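Read the structure below first, then the notes.
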Amino acid sequence: MFETLAALFFAHVLADYVLQTNTMVETKDRALTLALHTLAVFVTAVIALGSIDWQIGVLAGIHLLVDIAKTIWIRKRDDDGINPYLVDQGAHLLTIITIAAIAPTLWANGIWANEFGNGGLINATSWAPKVMLLIAGGIYTTRAGGFAVGKLMGPFAEGAPKESLPAGGMMIGLLERGLIYLMFIAGQPAGIGFLIAAKSILRFDAASNNAKAEYVIIGTLASFSWAIAISILVLSINNGLNGTALLEIIPPKD
């Protein structure tokens, strides 16, 4: 099950955060955009699993329905904030987990496991799901987290520091979430404390203004919380794979 789950998570991240452009996000209410995105969901899942099964079609269909529901929510309530975003992503992840539970052998029946796994040329069964999980976790922590934090901070925009580098805050967020993810993956979560201390010192000037201080604190806590939550999720999936450290991708030679 966990190999299938890792592959489907990887496919979801590619479809939503690599292949989906800003233009596609902005025109999600158009039938052509929805069709193209749904096709991307289906194709990435097929490639990640190395197989074509009806369950993948169900996954793509549910993904389409969730996207339509989110589009209707945004249009009817004029709300493109954090709530529809979290519900949308939560529904997608729940769908992925459900499909993996219902059809746990999708990975085992695929070409990667059959042609290259089980002692084959590259033994893909052992390390491929871990590679996909590692990459997907990194992208989801940094890029998806950026969207989540950005939508959460929208209502507090008036308190944002006015004098800053263009997209400086976004880059800081990407870097801090990436560092937290790497610390968890490397088994050194205690290093997060040093990251918090360093950011507190560097952002000390924000404390001179209540609005700025509150804006920075909310954004920082949201960014850290997202990174920690996704890191724990990735480690949990990895433990389901075989219980070894995530960075131990290629098994040692005898």
Side-chain angles (χ1 to χ4, degrees), residues 1-20 34 37-71 73 82-110 112-113 117 124-145 147-148 177 181 184-185 225-246 249:
M1 168 185 172
F2 288 94
E3 289 83 1
T4 299
L5 179 58
L8 289 177
F9 180 49
F10 177 66
H12 167 67
V13 170
L14 288 182
D16 261 19
Y17 296 101
V18 177
L19 300 178
Q20 185 172 213
L34 283 170
H37 181 59
T38 304
L39 178 62
V41 171
F42 179 81
V43 172
T44 53
V46 168
I47 294 175
L49 292 167
S51 64
I52 300 179
D53 293 274
W54 65 268
Q55 292 93 341
I56 301 176
V58 172
L59 173 69
I62 295 176
H63 192 106
L64 172 62
L65 293 177
V66 171
D67 281 356
I68 292 175
K70 178 188 176 184
T71 301
W73 179 341
I82 186 64
N83 290 331
Y85 181 81
L86 290 180
V87 171
D88 172 75
Q89 286 303 305
H92 290 323
L93 293 178
L94 180 60
T95 302
I96 290 170
I97 294 172
T98 302
I99 294 295
I102 294 175
T105 60
L106 284 176
W107 167 262
N109 295 335
W112 310 126
T125 303
S126 299
W127 62 265
K130 295 173 75 69
V131 171
M132 289 190 286
L133 181 61
L134 178 64
I135 295 173
I139 297 174
Y140 204 70
T141 299
T142 54
R143 184 162 170 77
F147 286 109
R177 288 189 296 275
Y181 179 70
F184 264 95
I185 298 308
S225 298
W226 179 276
I228 292 171
I230 302 305
S231 298
I232 293 174
L233 172 64
V234 169
L235 289 176
S236 298
I237 298 175
N238 176 72
N239 290 336
L241 289 171
N242 54 24
T244 61
L246 188 57
I249 296 171

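If you're wondering where the values come from, they're calculated on a predicted model, not measured in any experiment.
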>> Going by side-chain hydrogen bond (donor to acceptor under 3.5 Å, both in side chains), name the residues that satisfy it together with Thr38, two or more places apart in sequence or in a different chain.
In response: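 For Thr38 there are no side-chain hydrogen bond (donor to acceptor under 3.5 Å, both in side chains) partners, ignoring immediate neighbours.
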
Is the shortest heavy-atom distance from the side chain of [X] to the side chain of [Y] under 4.5 Å?
X: Leu59; Y: Thr95; answer: yes
X: Trp107; Y: Met132; answer: yes
X: His63; Y: Phe42; answer: no
X: Phe9; Y: Leu93; answer: yes
X: Val87; Y: Lys70; answer: no

When you measure from the side chain of [X] to the backbone of [Y], do you find a donor-acceptor pair of N or O atoms at a distance under 3.5 Å?
X: Asn238; Y: Val234; result: no
X: Thr141; Y: Tyr181; result: no
X: Asp16; Y: His12; result: no
X: Arg143; Y: Tyr17; result: yes

At what distance, to the nearest 0.5 angstrom, does [atom1] of [X] lie from [atom2] of [Y]?
X: His37; Y: Leu19; atom1: NE2; atom2: CG; answer: 9.5 Å
X: Leu133; Y: Glu3; atom1: CG; atom2: CD; answer: 11.0 Å
X: Ile102; Y: Thr4; atom1: CD1; atom2: OG1; answer: 12.0 Å
X: Thr71; Y: Leu34; atom1: OG1; atom2: CG; answer: 5.5 Å
X: Thr44; Y: Leu39; atom1: OG1; atom2: CG; answer: 9.0 Å
X: Met1; Y: Ile97; atom1: CE; atom2: CD1; answer: 7.0 Å

> Between Ile185 and Leu235, is a side chain to side chain contact (heavy atoms under 4.5 Å, CB included) present by the stated rule, with each step listed?
Replying inline: CA-CA 7 Å; Ile185 298 308; Leu235 289 176; 4.0 Å; yes

Side-chain donor-acceptor pairs under 3.5 Å in residues 45-58, sequence neighbours left out?
from: Ser51; atom 1: OG; to: Asp53; atom 2: OD2; distance (Å): 3.0

At their closest point, which heavy atom of [X] faces which heavy atom of [Y], and how far apart are they?
X: Val41; Y: Ala60; result: CG1-CA, 4.1 Å
X: Ala6; Y: Pro129; result: CB-O, 3.7 Å
X: Ala144; Y: Tyr85; result: O-OH, 2.9 Å
X: Ile82; Y: Ala148; result: CD1-O, 3.2 Å
X: Gly138; Y: Thr142; result: O-OG1, 2.8 Å
X: Pro104; Y: Ala101; result: CD-O, 3.5 Å

>> Are Trp226 and Tyr140 an aromatic pair, judged by ring center distance below 6.0 Å?
In response: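 Yes, the ring centres sit under 6.0 Å apart.
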
> Step by step, would you call Ile62 with Thr98 a side chain to side chain contact (heavy atoms under 4.5 Å, CB included)?
Replying inline: CA-CA 11 Å; Ile62 295 176; Thr98 302; over 6 Å; no

